[in-house]
K.L.:
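Next up is a structure, given as structure tokens.
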Amino acid sequence: MSSVIVIGGGAAGMMAAVAAAQGGHEVRLYEKNEKLGKKIYITGKGRCNLTNDCGVEELLQAVCVNRKFLYSAFYGFDSQSTIRFFEEEGMPTKTERGRRVFPVSDHSSDVIAALMRKLKKAGVKIYLNQEVKKLLMDVDEEGKALVRGILLSSGRQEKADAVIVATGGFSYQTTGSTGDGYRFARESGHQVSELSPSLVPIETEGSEAQQMQGLSLRNVEAAIFDGKKELYREFGEMMFTHYGVTGPLILTASSLIQKRLKEHPLLLLLDLKPALSEEQLDARILREFEAAKNKQFKNMLGTLFPSKMIPVIVQKSGIPGERPIHEITREERKNLIQITKQFPLTLLRLRDYNEAIITRGGVSVKEINPATMESKKVKGLHFAGEVLDVDAVTGGFNLQIAWSTGYAAGASV
């Protein structure tokens, strides 16, 4: 029986600790916060979208960076394994739109409670409020680097046969994600690729978003362009904020357009009525105009748009709000159709790590064994979860990466 240390009590760390302990090892889990799973607690607006109920090939398709690296981990512990893992621990799940899986209770605390029960049953020793300062390194008889344990900030050394680094990224820094794992990786001779916030809201130009702050749109199509080149097109939900746009459509887009957005602003076009063609929309608007021909333009728009949007629609359409409906020209009506089908916003920049769901970049996967998550450079040292250079779109896929890589690391120790 060997001794294993896991650094980090998030999704990947807890899964790694359970898998290692179930494999018959003596496992100690060190977490610098006062409790485990702080980031899990706030995911999915406190509901925790814990995976996506799809097959392995679809899991792989949702990965944005280093897809092939995850092949072995996903096949070793897929979304069905995740659902079973929690349901066996008395936490029933449900599947919602987009095959997103949540606890039936809608409480992320139930996910953490189930993991805590698993840790306890497996006999994992948990040490809270314990910050790890560095890894203790050594070399074997052949001169190959190996890990010997950890040094805590208190100055105490803890020895182990294997160490699993599952410290998360930089995102949601209030939960203690300060990038320690990247430092451990560099200090032990690993490459860390460029880091940036990902799955993050986007700032827009002008005051339109601010005027519509708090407004959620459910069934819209978003398309993002760099000049004439289309970079992204997707249907779903989004929301306006005081600085710009957020919500699932925007967060997913942020991970696909960030390189271009660093170079220059991009154009976001929203189709506010994607179920209607321009001809169908024109016919509907004509009917609305006919029924309200003596009303002012601004007073009839409530049948077409949410109230928070009306002042912005009036402004963008170029039609004076007080203009009686019967005085609106065919050309002006065409303008209204145009902005309804292609509502324009200029995207300026991504928000920072404090609002990012994940960190893009991390420990180079070229230096990690994809089946075991063990370093190819340092014997006994494994990496799991967000600290690795892998990430995916929204919908439960990033947590699945954490469960799969955590399981691979723990089970193979």
K.L.:
Could you walk me through whether Val363 and Asp389 pass the side chain to side chain contact (heavy atoms under 4.5 Å, CB included) check?
P.N.:
CA-CA 5 Å; Val363 180; Asp389 185 13; over 6 Å; no

K.L.:
Given side chain to side chain donor-acceptor pair (under 3.5 Å), test Thr394 with Thr252 step by step and report yes or no.
P.N.:
CA-CA 6 Å; Thr394 55; Thr252 294; 2.8 Å; yes

K.L.:
Would you check if Gln157 and Lys159 make a side-chain contact, meaning some heavy-atom pair closer than 4.5 Å?
P.N.:
yes

K.L.:
Check ring pair (Phe, Tyr, Trp, His ring centres under 6.0 Å) between Phe86 and all other residues, then give those that pass, not counting sequence neighbours.
P.N.:
Trp403

K.L.:
Counting only heavy atoms from other residues, nucleotides and ligands, does the tally under 6.0 Å from CD of Glu263 exceed 12?
P.N.:
yes

K.L.:
Given side chains that start at C-beta, do those of Met212 and Val312 come closer than 4.5 Å, heavy atoms only?
P.N.:
yes

K.L.:
Take atom NZ in Lys133; do more than 12 heavy atoms of anything else shown fall under 6.0 Å from it?
P.N.:
no

K.L.:
Flag the pair Arg233 / Glu221 as yes when at least one side-chain heavy-atom distance between them is below 4.5 Å, and no otherwise.
P.N.:
yes

K.L.:
Check ring pair (Phe, Tyr, Trp, His ring centres under 6.0 Å) between Phe102 and all other residues, then give those that pass, not counting sequence neighbours.
P.N.:
none

K.L.:
Output every pair passing salt bridge (charged side-chain N to carboxylate O under 4.0 Å, His left out) with a member in residues 58-68, not counting sequence neighbours, ordered by first then second residue.
P.N.:
Glu58-Arg99

K.L.:
Where do Val413 and His25 come nearest, in terms of heavy atoms and distance?
P.N.:
O-NE2, 3.1 Å

K.L.:
Compare all side-chain heavy atoms of Val163 with those of Val6 and state whether any distance is below 4.5 angstrom.
P.N.:
no

K.L.:
Any ion pair linking Glu332 and Arg323 (charged N to carboxylate O, less than 4.0 Å)?
P.N.:
yes

K.L.:
Give the minimum heavy-atom separation between Gly395 and Asn49, together with the two atoms involved.
P.N.:
C-OD1, 2.9 Å

K.L.:
Tell me every residue that passes ring pair (Phe, Tyr, Trp, His ring centres under 6.0 Å) with Tyr41, counting only those two or more places apart in sequence or in another chain.
P.N.:
none

K.L.:
Any chance you could measure Glu208, atom CD, to Leu345, atom CG, to the nearest 0.5 Å?
P.N.:
6.0 Å

K.L.:
Answer yes or no: is there an ion pair linking Arg360 with Glu194, defined by an N-O contact shorter than 4.0 Å?
P.N.:
no

K.L.:
Does Met91 reach the side chain of Leu50, with side-chain heavy atoms less than 4.5 Å apart?
P.N.:
yes

K.L.:
Salt bridge between Lys32 and Asp180, side-chain N to carboxylate O under 4.0 Å?
P.N.:
yes

K.L.:
Working to the nearest 0.5 angstrom, can you tell me the gap between Leu267 CG and Glu230 CD?
P.N.:
11.0 Å

K.L.:
Testing the basics here: between Cys48 and Val111, what is the closest heavy-atom pair and its distance to 0.1 Å?
P.N.:
SG-CG2, 3.9 Å

K.L.:
Please collect all ring-ring contact (aromatic ring centres under 6.0 Å, His included) contacts where either partner lies in residues 229-268, sequence neighbours excluded, each pair once.
P.N.:
none

K.L.:
Output every pair passing ring-ring contact (aromatic ring centres under 6.0 Å, His included) with a member in residues 110-134, not counting sequence neighbours, ordered by first then second residue.
P.N.:
Tyr30-Tyr127

K.L.:
How far does CG of Leu301 sit from CD of Glu288, to the nearest 0.5 angstrom?
P.N.:
9.5 Å

K.L.:
Is the side chain of Thr241 donor-acceptor paired with the backbone N or O of Gly244 at a distance under 3.5 Å, no angle test?
P.N.:
yes

K.L.:
Can you tell me which residue pairs pass the salt bridge (charged side-chain N to carboxylate O under 4.0 Å, His left out) test with a partner in residues 363-375, sequence neighbours excluded?
P.N.:
Glu367-Lys377

K.L.:
Do Ser216 and Glu237 pass the side chain to side chain donor-acceptor pair (under 3.5 Å) test, and can you show the C-alpha distance, the side-chain angles, and the key distance before you say yes or no?
P.N.:
CA-CA 7 Å; Ser216 284; Glu237 298 171 41; over 6 Å; no

K.L.:
Looking at every heavy atom in both Asn398 and Val393, which two are closest together, and how far apart are they?
P.N.:
ND2-O, 3.3 Å

K.L.:
Flag the pair Arg183 and Glu187 as a salt bridge only when some basic side-chain nitrogen lies within less than 4.0 angstrom of an acidic carboxylate oxygen.
P.N.:
yes

K.L.:
Per the ring-ring contact (aromatic ring centres under 6.0 Å, His included) rule, what does the pair list look like for residues 3-24, sequence neighbours excluded?
P.N.:
none

K.L.:
Before accepting this row, confirm whether a basic side-chain N of the pair Asp106/Lys94 lies closer than 4.0 Å to the acidic partner's carboxylate O.
P.N.:
yes

K.L.:
Can you list every pair that meets ring-ring contact (aromatic ring centres under 6.0 Å, His included) and has a residue in residues 185-217, with sequence neighbours left out?
P.N.:
His190-Phe383

K.L.:
Using the side chain to side chain donor-acceptor pair (under 3.5 Å) rule, take Gln338 and Gln342 through it: C-alpha gap first, then chi angles, then the decisive distance, then the call.
P.N.:
CA-CA 6 Å; Gln338 171 75 14; Gln342 295 192 330; 3.1 Å; yes

K.L.:
Check Glu31 with Lys35, please: is the shortest side-chain N to carboxylate O separation under 4.0 Å?
P.N.:
no

K.L.:
My understanding is that only residues two or more places apart in sequence, or in another chain, count here; which of them pass side chain to side chain donor-acceptor pair (under 3.5 Å) with Glu26?
P.N.:
Arg28

K.L.:
Would you mind writing out the side-chain donor-acceptor pairs for residues 117-126 within the sub-3.5 Å range, not counting sequence neighbours?
P.N.:
from	atom 1	to	atom 2	distance (Å)
Arg117	NE	Glu89	O	3.4
Arg117	NE	Glu89	OE2	3.4
Arg117	NH2	Glu89	O	2.6
Lys121	NZ	Glu89	OE1	3.2
Lys121	NZ	Glu89	OE2	2.8

K.L.:
Return the minimal non-hydrogen interatomic distance between Leu347 and Ile257, and the atom names on each side.
P.N.:
CD1-CD1, 4.0 Å

K.L.:
Any pair with a residue in residues 404-413 that passes side chain to side chain donor-acceptor pair (under 3.5 Å), sequence neighbours left out, goes on the list, sorted by first then second residue, please.
P.N.:
Gln400-Ser404

K.L.:
Counting only heavy atoms not in Lys262, do more than 12 sit closer than 6.0 Å to its NZ atom?
P.N.:
yes

K.L.:
Can Glu331 and Arg333 be counted as an ion pair, charged N to O under 4.0 angstrom?
P.N.:
no

K.L.:
Evaluate the side-chain proximity of Ile83 to Thr51: yes if any heavy-atom separation is below 4.5 Å, no if none is.
P.N.:
yes

K.L.:
Are Val65 and Val63 close enough that some pair of their side-chain heavy atoms sits under 4.5 Å apart?
P.N.:
no

K.L.:
Under 6.0 Å from the CE atom of Met116, do we count more than 12 heavy atoms belonging to anything else shown?
P.N.:
no

K.L.:
Report, as yes or no, whether the 6.0 Å neighbourhood of atom NZ on Lys144 holds more than 12 heavy atoms from other residues, nucleotides or ligands.
P.N.:
yes

K.L.:
Consider only side-chain N and O atoms of Ser79 and Asp53, and report whether a donor and an acceptor are under 3.5 Å apart.
P.N.:
no

K.L.:
Can you establish whether the number of heavy atoms outside Lys379 located under 6.0 Å from its atom NZ is more than 12?
P.N.:
no

K.L.:
How far apart are the closest heavy atoms of Pro201 and Leu251, and which atoms are they?
P.N.:
N-CD2, 3.6 Å

K.L.:
Counting C-beta onward and ignoring hydrogens, is there a side-chain heavy-atom pair between Ser198 and Ser255 closer than 4.5 Å?
P.N.:
yes

